[in-house]
Colleague: 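Before anything else, here's the structure in question.
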Amino acid sequence: MRRKLVVGNWKMHGSHKGNAELLSGITGARPFGCDVAVCVPFPYLSETAVALAGSDVRWGAQDCSAFEQGAYTGEVSVPMLAEFGCRYVIVGHSERRAYHAESDQLVADKAKAALAKGVTPIVCVGETLAQREAGETEAVVKRQLSAVIHTLGHCAGEMVVAYEPVWAIGTGKVASPEQAQAVHAVLRAQLRAAAANADAMTILYGGSVKPDNAAILFGQTDIDGGLIGGAALKATDFVAICRAAG
Ligand code: PGA
């Protein structure tokens, strides 16, 4: 049995006061029967590390540079994230692919940079509504994942994958459990061809996961937890989703 993982993606939300309340709401609700992490904006990594120290809730970032250091104004490197105790970094979120023109190869390079420093990349893949309607879902997610598999080589089994249909992110339109499971099965099959431990790998679902739909999604064979956006900003909702996974 794979242990479930629930990761909060705070996106560009937060404040010192709000973060403290949210994090204490999460730690105060432990123990969870699943692994739990929060991916916070860079400036809040330090206070998050302090707030979560000594708990089993982990933390991470939402992006990283593919480079270790250098003249890359505005970028944050994986060694920096590692210094702040990050266990995870999200790479290839659809918002970064869309608004920052991140290519499949750049996403793969970021994933490789993360693993090289012992930070687990959460690699996001997913199709747009137009791609789904054109029957391209499988081809799109396979293309996105294969760039990462090829770049990671024998380390591919160490990443976490997140399937996030773009049309379900922040829209309230959740993929049905059957739709999500079908894509997760495709991704698992692709991983089997690349990694000996594919059946032990974690594939998260993301896109409008809420307390009332989490259990049925997480109950699907190949869905190993969730990447949670909006509902990760309210402790009671996030905790309810973690409970649904445990
Ligand atoms: P959502 O976002 O839960 O608000 O749809 C998920 C994500 O973008 O990771």
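Both counts, for ligands and for their atoms, begin at 1 and track the order of listing.
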Colleague: Is it the case that E164 and H93 place a side-chain donor and acceptor less than 3.5 Å from each other?
Modeller: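 Yes, because at least one side-chain N or O of E164 sits under 3.5 Å from a partner of the opposite role on H93.
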
Colleague: May I ask you to say whether D237 pairs ionically with K210, meaning some side-chain N is under 4.0 Å from a carboxylate O?
Modeller: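 No, no charged N to carboxylate O under 4.0 Å.
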
Colleague: With sequence neighbours left out, which residue pairs that include part of residues 150-159 fulfil the side chain to side chain donor-acceptor pair (under 3.5 Å) condition?
Modeller: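 As it turns out, the side chain to side chain donor-acceptor pair (under 3.5 Å) pairs with a partner in residues 150-159, which skip direct neighbours, are Q105-T151.
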
Colleague: Which residue pairs satisfy the side chain to side chain donor-acceptor pair (under 3.5 Å) criterion with at least one member in residues 214-232, sequence neighbours excluded?
Modeller: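 Matches after skipping sequence neighbours: R2-D224, Q181-D222, R188-D222, R188-D224.
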
Colleague: Return the set of residues passing salt bridge (Lys or Arg N to Asp or Glu O under 4.0 Å) with D109 (not counting sequence neighbours), or none when no residue passes.
Modeller: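 With neighbours one apart ignored, the set is empty.
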
Colleague: Is the closest side-chain heavy-atom distance between V125 and V148 below 4.5 Å?
Modeller: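 No; the side chains remain at least 4.5 Å from each other.
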
Colleague: Please tabulate, one line per pair, the protein N or O atoms found under 3.5 Å from any N or O atom of ligand 1, giving the distance to one decimal.
Modeller:
| unit_1 | atom_1 | unit_2 | atom_2 | d |
| --- | --- | --- | --- | --- |
| ligand 1 | 2 (O) | K11 | NZ | 3.4 |
| ligand 1 | 3 (O) | S208 | N | 3.4 |
| ligand 1 | 3 (O) | G229 | N | 2.9 |
| ligand 1 | 4 (O) | G230 | N | 2.8 |
| ligand 1 | 5 (O) | G170 | N | 2.6 |
| ligand 1 | 5 (O) | S208 | N | 2.8 |
| ligand 1 | 8 (O) | K11 | NZ | 2.7 |
| ligand 1 | 8 (O) | H93 | NE2 | 2.7 |
| ligand 1 | 9 (O) | N9 | ND2 | 3.3 |
| ligand 1 | 9 (O) | H93 | NE2 | 3.3 |
| ligand 1 | 9 (O) | E164 | OE1 | 3.3 |
| ligand 1 | 9 (O) | E164 | OE2 | 2.7 |

